[in-house]
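Being a predicted model, the structure only gives us computed values, none of them experimental. Order of the sequence lines fixes the chain letters, A, B, ..., with proteins taken first and strands second; residue numbering starts at 1 for each chain.
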Amino acid sequence: MKELPKNFDHAEAEPRIYAAQEEAGLFKPQGEGDPYSIVIPPPNVTGSLHVGHALNNTLQDILCRYQRRKGRKVLWQYGVDHAGIATQMVVERQMAERQEPHRRDIGRDAFVQKVWDWKAESGGMIKNQLKRLGASLDWSRERFTMDEGLSAAVRKVFVQLYGEGLIYRDKRLVNWDPKFQTAISDLEVENNEVNGKMWHFAYPLVDGEVDGIKEIVIATTRPETMLGDGAVAVHPDDERYTNLIGKKVRLPIVDREISIIADEYPDPELGTGAVKITGAHDFNDFEVAKRHDIPLIVLMDEEARMMSTEENNVPERFHEMDRFEARKLVVQEIEAMGLLRGIEDKLIMQPFGDRSGVVIEPMLTDQWYVDAKTLAVPAVEAVRSGKTKFVPENWSKTYYNWMDNIEPWCISRQLWWGHRIPVWYGPDGTPFCAEDEASAHRLATEHYGGEAVELAQDSDVLDTWFSSALWPFSTLGWPEETDELKAFYPTAVLSTAFDIIFFWVARMMMMAMHFQKEVPFETVYIHAIVRDENGQKMSKSKGNVVDPLEYMDEFGADPLRFTLAAQATQGRDLSLSKQRVEGYRNFRTKLWNASRFLQMKEAPITDEAFDPEALKLPLNRWIAHEASAMTASVAKALDGFRFDEAASAIYQFAWGTFCDWYLELSKPVFDGGSAEEQAETRLVMGQTLRTILVTLEPFMPFVTREIYEAMAEGSSLEEQSWPTSDFSDEKAAAEVQAAVDLISEIRSARTEVNVPVGAKLTLVALDAPEEAKTILANQSGAIGRLARIETFEHASEAPKGSIQIVSRGTTYALPVADVIDLGAEVARLDKAIGKTEGELKKANGKLSNERFVQNAPAEVVAEERSRVEKFSEELEQLNTAKARLEAL
RNA sequence: GCUUCCGUAGCUCAGCGGUAGAGCACUCGCUUCACACGCGAGUGGUCACUGGUUCGAUCCCAGUCGGAAGCACCA
């Protein structure tokens with residue numbers, strides 16, 4: 001044994017241990033066991049570790065380390081994604097800060113090179129942070145979505161889906177981010193409530209009055225879009241407007257005639273019941289416009305500035321005007337024309353780009369789409385049939401809900417950083433989709449009858465999620481048929497927060513089912529959201545973001561990990577508080593000190609053959625019995641993703657059972673036991689510590705390894721397999737438990753009656769049955785030391801001036817003579833009597849209910865009968881004790 | 001509006017048909033030879049409310065109230 005220092009220095013030990021393990025190749029797949037794999041949800045290349053990562057990676061690490069102990073050949077696949085918008089934004093910002101030319105000035109290739117340079121320098125910061133956390137990822141297999149291999153996978157998938165008609169080009173409205181000047185997905189749009197206004201504008205009827213009406217009033221929150229109105233719609237059943245349907249109105253400012261049409265879309269209850277239809281700038285209007293063949297009039301350019309063109313008829317004075325300025329001007333002009341009919345204040349939902357923070361504009365553009373509806377069918381079926389399971393199960397509803405309402409997936413982005421769309425256009429715009437330019441040329445040559453032509457590649461790139469949707473198999477080498485793919489696909493678990501079910505899980509499921517004909521993972525484990533200690537969602541704007549690195553600095557990675565695991569309950573968010581982390585730091589210290597105690601008693605972790613059946617001392621048989629129960633329950637908990645239950649089972653056993661009782665009860669063995677008993681106890685101590693360390697290692701990989709190193713003779717923690725002892729000895733367990741109970745009751749009585757802590761007492765067992773006598777004899781050392789009993793006696797009558805306690809049917813008297821506080825003792829007995837009476841009454845009540853006796857299962861009734869018996873006896877003894885006391 | 005989830009000790013949360021639990025906090029005591037980041041002993045709960053099912057409900061069902069989240073919509 002190497003002597004453990006008085007304290008564990010996490011700041012020194014953790015990096016040292018991690019480096020040694022990485023060096024030793026322990027994080028790579030080991031051995032010949034049944035493969036087990038997890039792919040990390042790829043962090044953004046721009047990302048740094050936040051508590052969500054800390055939680056998710058702690059849980060994955062626990063699973064991986066646990067499976068390694070169980071002999072599985074584990075691959076935990078690492079990698080990051082290229083985060084199209086985020087990364088381009090970061091690099092552009094950096095260029096601006098350095099006052100370098102804008103990307104448009106340096107051109108596409110130079111800019112992309114700059115991004116690669118940035119990545120080499122500052123990308124993947126999260127890697128070292130994950131190492132600090134102790135994540136046992138296989139770093140040697142690191143992948144990046146823009147790697148050559150993964151890019152090849154992307155091209156292959158695109159080309160195949162295109163060939164199958166599952167990728168197509170279409171002109172539709174998209175969410176346009178005017179800041180980044182690209183389409184973004186619905187999921188990157190945040191809808192926020194803002195204070196807005198609703199303006200009422202009158203559009204005059206062209207042919208004069210109809211039934212006394214000369215105008216129709218529409219309401220809008222976005223006046224600038226009226227310049228592109230193609231119609232006014234009313235509900236066909238809205239009697240106010242029936243006579244106006246088919247009439248024309250004159251659109252002010254642009255001075256254009258548009259029709260009043262009937263459509264189911266307007267809700268007569270809302271606004272004025274008449275809706276302006278701006279097909280090119282509103283998702284709902286777009287649908288209406290399509291139904292009625294209403295022209296789509298585009299008003300804005302890529303920066304969401306107004307345009308004045310021949311097609312849109314917008315007056316020249318609006319040209320290149322910001323959309324919000326245009327709004328003011330439109331209102332002004334309408335008012336000047338006397339057509340403003342009202343302004344209301346209104347809370348409106350406005351879409352914002354989650355990264356740019358600017359108002360998103362619906363824009364009519366050409367984009368590439370994936371036919372998600374078709375791909376979703378097998379992906380849904382895989383979950384319905386149970387091939388992939390959600391844990392907790394109820395998240396599958398969210399998944400179905402999303403999948404059942406899935407929209408075409410817009411995969412093109414007007415960015416420079418990302419996978420370029422593998423489509424080339426001929427001089428007449430004919431698209432040729434191929435995995436590389438040469439193949440595109442072959443297709444083109446064939447198409448144009450042997451003539452070689454110039455081709456221009458589509459300038460857009462693919463949505464980042466397009467490449468990360470392939471992650472579970474592209475990281476394993478696909479489209480190559482690699483050994484890894486064969487061994488590790490499908491993966492065992494995907495662990496993630498619920499907010500990514502749509503973003504990612506759904507898309508991985510679709511791509512995997514289509515290209516592998518096999519699910520990407522057997523289980524989707526959805527973990528909680530980490531909130532602050534007040535249960536508030538963490539956000540930068542609230543300033544309540546907890547930095548996991550700070551906790552690691554202060555307490556080390558082990559306590560943070562244990563805290564996260566212990567709080568990772570299913571179906572509930574977790575609140576992370578410093579106090580909690582501190583508490584588990586204390587647990588680590590407790591274990592450390594217990595190990596130092598073992599060293600003091602010269603009880604190392606040995607490789608000696610250990611057969612619990614051969615143990616002699618009930619104490620040792622008891623702890624072996626408890627230890628095997630603990631390891632079984634931890635395994636069961638982990639198999640069911642109950643990290644909280646697993647953590648608490650270890651904590652309970654290590655502190656509550658091993659330290660508080662076993663080590664204390666071992667002390668009298670070392671005081672007065674035989675040499676054999678001491679040797680046996682040393683052996684069992686070491687074995688039990690080994691069990692604790694092995695089961696705790698997935699949760700606290702650092703301190704467990706440090707202790708094991710120091711305590712073990714000739715073995716290392718990493719070569720231990722998961723303890724699977726099914727040893728059990730109810731008799732020994734009952735005996736030790738009886739002693740533990742008696743000690744507790746004596747301690748409790750002593751305190752309540754104010755017996756001085758140091759006073760050594762005599763314990764008199766009153767008419768004890770044989771069984772109790774045996775236990776008393778076997779456990780006198782333990783009881784003597786822990787309950788401060790000097791002598792043990794047997795009698796039929798309690799000595800005068802005794803505290804009396806009833807434990808497991810036997811009355812024990814503790815003569816304390818003058819020390820006794822008579823009033824306190826009577827109160828104590830009264831309390832016990834009251835409690836027992838209550839229980840007795842409840843049990844009797846049940847048994848006197850005929851229907852209970854008739855209907856309840858026999859064993860429940862029997863249990864209740866034995867409770868009555870037990871409580872009656874106990875009550876009698878307590879009453880006798882009280883009578884005795886009062887007779888004094 | 002639709003769909004989830006949650007109301008259990010002061011706090012954070014387990015439990016989920018048959019004796020209410022943990023950690024922290026709190027109170028009292030303790031230099032007991034591993035540990036004061038500790039040891040020992042305690043205090044603290046009509047398990048949100050109302051009905052129903054059941055021999056029996058914190059647990060199942062329905063509703064009410066309170067809180068959170070996601071999705072959709074708001075001209």
Side-chain angles (χ1 to χ4, degrees), chain A residues 4 6-7 186 191 198 200 218-222 225 232-233 265-267 270-278 282-285 288 346-349 392 394-395 397-398 400-402 405 498-499 501-502 529 531 533-537 555 559 563 566-567 569-577 579-580 582-601 642 644-645 648 651-652 656 659-660 663-664 667 744 747-752 754 756-758 785-786 788 838-839 842-843 845-846 849-857 859-861 863-864 867 871:
Chain A
L4 287 167
K6 194 155 168 35
N7 296 305
D186 289 350
N191 288 300
M198 186 142 80
H200 293 245
I218 56 90
T220 181
T221 57
R222 306 187 52 204
T225 62
V232 170
Y265 164 65
D267 179 349
L270 286 172
T272 62
V275 182
K276 62 195 266 310
I277 299 300
T278 321
D282 181 283
F283 289 99
N284 290 310
D285 292 4
V288 178
K346 196 173 190 269
L347 268 184
I348 51 176
M349 286 295 262
N394 56 291
W395 286 110
K397 283 185 198 150
T398 305
Y400 293 139
N401 197 276
W402 161 257
N405 299 302
F498 72 86
D499 51 2
I501 292 176
F502 313 130
I529 296 286
R531 295 168 180 274
E533 56 197 320
N534 300 315
Q536 296 288 308
K537 203 166 175 175
F555 302 114
T563 306
Q567 291 194 265
T569 59
Q570 286 185 2
R572 199 162 182 161
D573 292 345
L574 67 93
S575 302
L576 185 61
S577 75
Q579 272 188 337
R580 199 80 190 242
E582 204 175 308
Y584 292 121
R585 185 272 318 265
N586 297 350
F587 174 55
R588 181 185 64 192
T589 307
K590 184 76 185 175
L591 200 65
W592 184 261
N593 285 315
S595 306
R596 295 206 304 136
F597 177 72
L598 261 67
Q599 292 203 327
M600 206 179 81
K601 296 296 178 194
R642 297 304 310 256
D644 57 325
E645 284 182 1
S648 98
Y651 184 93
Q652 198 71 3
C659 292
D660 285 350
L663 294 185
E664 292 304 326
K667 287 174 182 174
S744 296
R747 281 170 168 176
S748 177
R750 286 177 62 121
T751 308
E752 285 188 54
N754 302 315
V757 178
R785 183 176 175 115
L786 300 191
R788 302 210 163 227
E839 297 290 355
K842 224 153 80 178
K846 277 190 183 178
N849 181 349
E850 259 176 57
R851 286 174 308 173
F852 171 74
V853 180
Q854 261 167 27
N855 294 310
E859 57 192 62
V860 173
V861 178
E863 170 69 23
E864 222 53 49
R867 280 164 58 78
F871 291 131

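- In this structure, A/Lys667 reaches the B/A34 phosphate: one of its side-chain N or O atoms is under 4.0 Å from OP1 or OP2.
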| task | List the protein contact pattern of nucleotides 24-29 of chain B with one symbol per nucleotide (5' to 3'): B for base contact, S for sugar-phosphate-only contact, - for none; contact means a heavy-atom distance under 4.0 Å. | result | SS---S

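- Taking atom C1' in both B/C37 and B/G45, the straight-line distance is 30 Å, to the nearest Å.
- Across all strands shown, A/Asn849 has heavy atoms under 4.0 Å from sugar-phosphate atoms exclusively, and none from any base.
- The side chain of A/Pro857 approaches B/C55 more closely than any other nucleotide in the set B/U4, B/C55, B/U12.
- Atom name P, nucleotides B/G66 and B/G10: the rounded distance is 22 Å, in whole Å.
- With P as the reference atom, B/U53 and B/U12 are 36 Å apart, rounded to whole Å.
- Of the listed nucleotides (B/C5, B/U19, B/C39), B/U19 has the atom at the smallest distance from the side chain of A/Phe871.
- For A/Phe498 and B/U4, the CZ to C1' distance is 10 Å, given to the nearest whole Å.
- When both pairing distances are held under 3.5 Å, B/A9 makes no Watson-Crick or G-U pair with any nucleotide shown.
- Between A/Tyr584 and A/Phe555, the distance separating the two ring centers is not shorter than 6.0 angstrom.
- Contact record, A/Arg588 with A/Pro559: NH1-CD, 3.5 Å, taken as the closest heavy-atom pair.
- If you take CD of A/Gln567 and C1' of B/A14, they are 11 Å apart, rounded to a whole angstrom.
- Nucleotide B/U54: unpaired (no Watson-Crick or G-U wobble partner with both distances less than 3.5 Å).
- Between A/Gly758 and A/Arg750 the shortest heavy-atom distance is C-NH2, 4.4 Å.
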| said: Could you go through A/Thr225 and A/Lys276, starting from their C-alpha distance and side-chain angles, then the distance that decides it, and tell me whether this counts as side-chain contact (heavy atoms from CB on, under 4.5 Å)? | reply: CA-CA 9 Å; A/Thr225 62; A/Lys276 62 195 266 310; 2.6 Å; yes

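- When the C1' atom is used for both B/C11 and B/G1, the distance is 36 Å, rounded to whole Å.
- Side-chain proximity of A/Asp644 to the nucleotides B/C55, B/C33, B/A14 is greatest for B/A14.
- A donor-acceptor contact under 3.5 angstrom links the side-chain atoms of A/Glu664 to the base of B/A34.
- Figure legend: A/Lys842 and A/Phe871 shown without cation-pi pairing, the cationic atom not lying both under 6.0 angstrom from the six-membered ring centre and within 45 degrees of its axis.
- Across B/A57 and B/A62, the matching C1' atoms stand 15 Å from one another, rounded to whole Å.
- Contact annotation for A/Asp660: backbone-only contact, meaning every heavy-atom pair under 4.0 Å involves sugar-phosphate atoms and none involves a base.
- If you check B/A34 for Watson-Crick or wobble pairing at under 3.5 angstrom, you find it has no partner at all.
- Atom CG of A/Leu663 and atom P of B/C33 are 15 Å apart (whole Å).
- A/Arg588 has no side-chain polar atom (N or O) that falls below the 4.0 Å cut-off from OP1 or OP2 of B/G38.
- Within 4.0 Å (heavy atoms only), A/Tyr265 reaches sugar-phosphate atoms of the nucleic acid but no base atom.
- In this structure, the nucleotide among B/U32, B/C55, B/G42 sitting nearest to the side chain of A/Ser748 is B/G42.
- Ranking B/G18, B/C39, B/G40 by closeness to the A/Arg747 side chain, first place goes to B/G40.
- For A/Val860, taking side-chain heavy atoms from C-beta onward, the closest of the listed nucleotides B/U12, B/C5, B/G18 is B/G18.
- In this structure, B/C2 and B/G70 make a Watson-Crick or G-U wobble pair, each of the two defining distances being under 3.5 angstrom.
- Residue A/Lys842 is in sugar-phosphate contact alone, with no base atom involved, counting any heavy-atom pair closer than 4.0 Å across all strands shown.
- A/Thr278 comes within 4.0 angstrom of nothing in the nucleic acid, heavy atoms only.
- Residue-to-nucleotide proximity on RNA chain B shows that, of A/Pro266 and A/Phe597, the 5′-proximal contact is made by A/Phe597.
- On the C1' atoms, B/C59 is 23 Å away from B/G23, given to the nearest whole Å.
- Counting any heavy atom pair closer than 4.0 Å across all strands shown, A/Arg750 reaches no nucleic acid atom.
- Across the protein-nucleic acid pair, A/Arg585 atom CZ and B/G23 atom C1' stand 15 Å apart, rounded to whole Å.
- Nucleotide B/G17 forms a pair with no other nucleotide shown, judged by Watson-Crick or G-U wobble geometry with both contacts under 3.5 Å.
- Considering only side-chain atoms of A/Ser744, the nucleotide from B/C55, B/A41, B/C33 that sits closest is B/A41.
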| side-chain contact (heavy atoms from CB on, under 4.5 Å) between A/Phe498 and A/Thr398, intermediate numbers included | CA-CA 9 Å; A/Phe498 72 86; A/Thr398 305; over 6 Å; no

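- Taking atom P on both nucleotides, B/C55 is separated from B/C49 by 24 Å, rounded to a whole Å.
- With C1' as the reference atom, B/G15 and B/C47 are 10 Å apart, rounded to whole Å.
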| Checking side-chain contact (heavy atoms from CB on, under 4.5 Å) for the pair A/Thr589/A/Asn7: CA distance, chi angles, key distance, verdict? | CA-CA 8 Å; A/Thr589 307; A/Asn7 296 305; 5.6 Å; no

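- When Watson-Crick and G-U wobble pairs are counted only if both distances are under 3.5 Å, B/G45 pairs with no nucleotide at all.
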| said: Between A/Lys667 and A/Phe597, is the side-chain contact (heavy atoms from CB on, under 4.5 Å) condition met? List the steps. | reply: CA-CA 10 Å; A/Lys667 287 174 182 174; A/Phe597 177 72; 3.6 Å; yes

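- In this structure, CZ in A/Arg222 is found 8.0 Å from OG1 in A/Thr278, a value given to the nearest 0.5 Å.
- Within 6.0 Å of the CD atom in A/Gln854, the count of heavy atoms belonging to other residues, nucleotides or ligands exceeds 12.
- The partner of B/G40 is B/C28, by the rule that a Watson-Crick or G-U pair needs both atom distances under 3.5 Å.
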